[in-house]
Structure formats: structure tokens, C-alpha cells
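All remarks here apply to the structure that follows.
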There are 2 protein chains.
Amino acid sequence: MREKTERIVREWTESCDAEVSIAVLGGAWKPSILTLLGEHEVLRFGELGRLLQDPTPRVLTRQLRELEADGLITRTVYRQVPPKVEYRLSELGASAGQLLTELTRWGTLYAGRQRTAVDA
Amino acid sequence: MREKTERIVREWTESCDAEVSIAVLGGAWKPSILTLLGEHEVLRFGELGRLLQDPTPRVLTRQLRELEADGLITRTVYRQVPPKVEYRLSELGASAGQLLTELTRWGTLYAGRQRTAVDA
DNA sequence: CAGAATCCGAATCGATACTG
DNA sequence: CAGTATCGATTCGGATTCTG
């Protein structure tokens, strides 16, 4: 588990469990990464990059490493030339599916309302 | 709507609606603030501070203003001495109840698993 | 192909002190 | 009571460049 998440989990009290979820899922691209891995079962580094519309490798690498450190995805390295690395959801990562659905549902509702408000 | 949220909503695409939710709910204390307002209907600034175990006024003020700008809470000022300000959930804020429940549920699951793993 | 190294600007959290 | 002002320290996302 990475340090930021560890601190939040350590200081975790009943009234802010929701912040634990946000600490784990809250990085750039992370919800999309988990959603894509839920749909595709397995994806390589380059495939993820293309599907996410090209975040910088620096950023994508860090998000993936954090998700791995937090136990949501697994990383499989094939020692060959050219290199090949595969990412999958772990069981814990898959358990976040329902939460991701709910995040998406409310996010859509919220964005729709804001757009309607702006257009009106 | 505050600027950060506005940008994320503007650049919003189908694949990352979940990030909209996180952008809105992701600040320090925000999930707790919304949960408390869901339980208490109405709370004053000082009451919120005590229930949250004393964030600095600077921080609490900003979180409340952002939630107000994003349309999740309302702020009612009574012009009197000493001053009195009441915060409540808006309809939009109340609509996030189910999402907050799900965030808390998975956060509890996650924190529990991590603690078990560490203790083992 | 899958990254690592370096650097940067912006945003955020928090401590401390002060005020209408 | 309900904030505001000022200041650090940290973190984070991203651009650029380079490599086994």
C-alpha cells in the first residue's frame, strides 16, 4: 500500500470511510483505468495509453504503480524483447465495480444538471 | 460552480464521469460534511467544526464555500450579533446520499482488508 | 515497448494570527 | 460566532527528454 493511502487508512475513523475510497480511486485516470480493465480483462501499457487518449507515460506509470501498491491491479512482466507488461484487475479491484458504477451514475447526473443550468 | 469542477465537467467525456464525482466530493472533510448534513438537516459553522473534530477555520470555510459553489449545500446568513450561519443540503446534495453510502461501504471494506493484511 | 530522469507551475492542506 | 489574511510545506499532473 502506498504511503498516502496508508496514512488515510491509519487515521481512518467511522465518520470518514468515504475518504478512504476517494484516496484510493482519486488519482488522474484511475477510475477510467479500472473501468477499462473491468471491460477488457487484460491490457498492456501501450493499449491503456491509447484507450485513455495518451496521458504522458510518466503519469500513466505512476497511476498504475499506485493502483498496484494499493492492491487493485496486478502487473505481469514478460522478460522479452520487446518488453511486454500486462495489467489486470485484482479481486479487490473488481470489488470496486459497484462503486465505480455509482460514481459514474452520479457524475453523469451532476454534469448533466450543471450543463442544463449553464445552457438555460 | 467553482473553477476546478467547471473544468472537469467541461472536459467530461463518457469514460470519466466518475472523475466528476470525485472532483466534487474529493476535498478534505467533504464527504463527512455531507454525511453530517444528511443526518442533522441543519448545522451551524461552529457545530460542524466540533463534529469534524476541529479542522482549521480556514480549511472548513473553503470546503463549505466550494460545496456551495458546486450546488450541494446552501448557506443561510442571519445578520445579527453574534453572527449565525446555517448550512443545509440542497436537493442536489441530497441526491449524492446513495453515492456517499457506497463510498463508505467500499472504503470500510478496503480499510478492513488492509488492516487484516497488515496484522497477518 | 514500457518505462525512467528531470524539471516545473498550480493547487491544496494546514498552522498561526487577527477581526466585524 | 464565523470567519479572513498571510505564510509554508507538500503533492500532483504534465511537458520534455532519454534508455534497456
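Letters go in sequence order (proteins before strands), and every chain restarts at 1. Quick caveat: nothing in here was measured; it's all calculated off a predicted structure.
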Exercise. Under the side-chain hydrogen bond (donor to acceptor under 3.5 Å, both in side chains) test, which residues partner R105(A), sequence neighbours left out?
Worked result: E102(A)
Problem set entry | Pairing residues for E41(A) by the side chain to side chain contact (heavy atoms under 4.5 Å, CB included) criterion, not counting sequence neighbours | none
For this session: Give the B/S/- string for nucleotides 5-10 of chain C, one per nucleotide from 5' to 3', where a protein heavy atom under 4.0 Å of the base yields B, of only the sugar-phosphate yields S, and otherwise -.
Result: BBB---
Exercise. Would you say W29(B) reaches dG14(C)'s phosphate, i.e. side-chain N/O to OP1/OP2 under 4.0 Å?
Worked result: yes
For this session: Quick one: which residue pairs count as a salt bridge (charged side-chain N to carboxylate O under 4.0 Å, His left out) with a foot in residues 42-52 of chain A, not counting sequence neighbours?
Result: none
Exercise. Expressed in angstrom and rounded to an integer, what is the separation of Q80(A) atom CD from dG3(C) atom P?
Worked result: 13 Å
Exercise. Any donor-acceptor pair under 3.5 Å linking the side chain of S90(B) with the backbone of G71(B)?
Worked result: yes
Problem set entry | Where chain A begins and ends its contact with DNA chain D, read 5' to 3' at 4.0 Å from heavy atoms | dC12(D) to dG20(D)
Exercise. Are any non-hydrogen side-chain atoms of Y110(A) and L72(B) less than 4.5 angstrom apart?
Worked result: yes
Would you be so kind as to tabulate the donor-acceptor pairs closer than 3.5 Å made by side chains of residues 76-89 of chain A, with sequence neighbours excluded?
| residue | atom | partner | partner atom | Å |
| --- | --- | --- | --- | --- |
| Y78(A) | OH | E86(A) | OE1 | 2.9 |
| E86(A) | OE1 | R88(A) | NH2 | 2.4 |
| Y87(A) | OH | R75(A) | NE | 3.3 |

Exercise. To the nearest Å, how far apart are D54(B) CG and dG14(C) C1'?
Worked result: 13 Å
Exercise. Within a radius of less than 6.0 Å around CD of E91(B), do more than 12 heavy atoms belonging to other residues, nucleotides or ligands occur?
Worked result: no
Exercise. What does V59(A) touch in the nucleic acid at a heavy-atom separation under 4.0 angstrom: a base, only the sugar-phosphate, or nothing?
Worked result: base
Exercise. Do T104(B) and V20(A) have side chains that get closer than 4.5 Å, going by heavy atoms?
Worked result: no
For this session: Begin with the C-alpha distance, continue with both residues' side-chain angles, and end with the deciding distance and a verdict on side chain to side chain contact (heavy atoms under 4.5 Å, CB included) for D17(A) and L109(B).
Result: CA-CA 9 Å; D17(A) 288 355; L109(B) 168 73; over 6 Å; no
Exercise. Heavy atoms under 4.0 Å, any strand shown: does Y78(A) hit a base, just sugar-phosphate, or nothing?
Worked result: nothing
For this session: Just jot down the side-chain hydrogen bond (donor to acceptor under 3.5 Å, both in side chains) partners of R2(B), sequence neighbours excluded, or say none.
Result: T5(B), D70(B)
Exercise. Does some side-chain heavy atom of P31(A) sit less than 4.5 Å from a side-chain heavy atom of L103(A)?
Worked result: no
For this session: Rounding to 10 degrees, work out the angle separating the end axes of the helix from dC1(C)-dG20(D) to dG20(C)-dC1(D) (five pairs an end).
Result: 50°
Problem set entry | Heavy-atom side-chain contact between I33(A) and L37(A) under 4.5 Å | yes
Problem set entry | Nucleic acid contacts - residues 60-77 of chain B versus DNA chain D, non-hydrogen atoms under 4.0 Å | T61(B), R65(B), R75(B)
Problem set entry | Pairs where residues 58-68 of chain B contributes a residue and the test side-chain hydrogen bond (donor to acceptor under 3.5 Å, both in side chains) is met, not counting sequence neighbours | K30(B)-E66(B)
For this session: Please work out if G27(A) contacts a base, only the sugar-phosphate, or nothing of the nucleic acid, heavy-atom cut-off 4.0 Å.
Result: sugar-phosphate
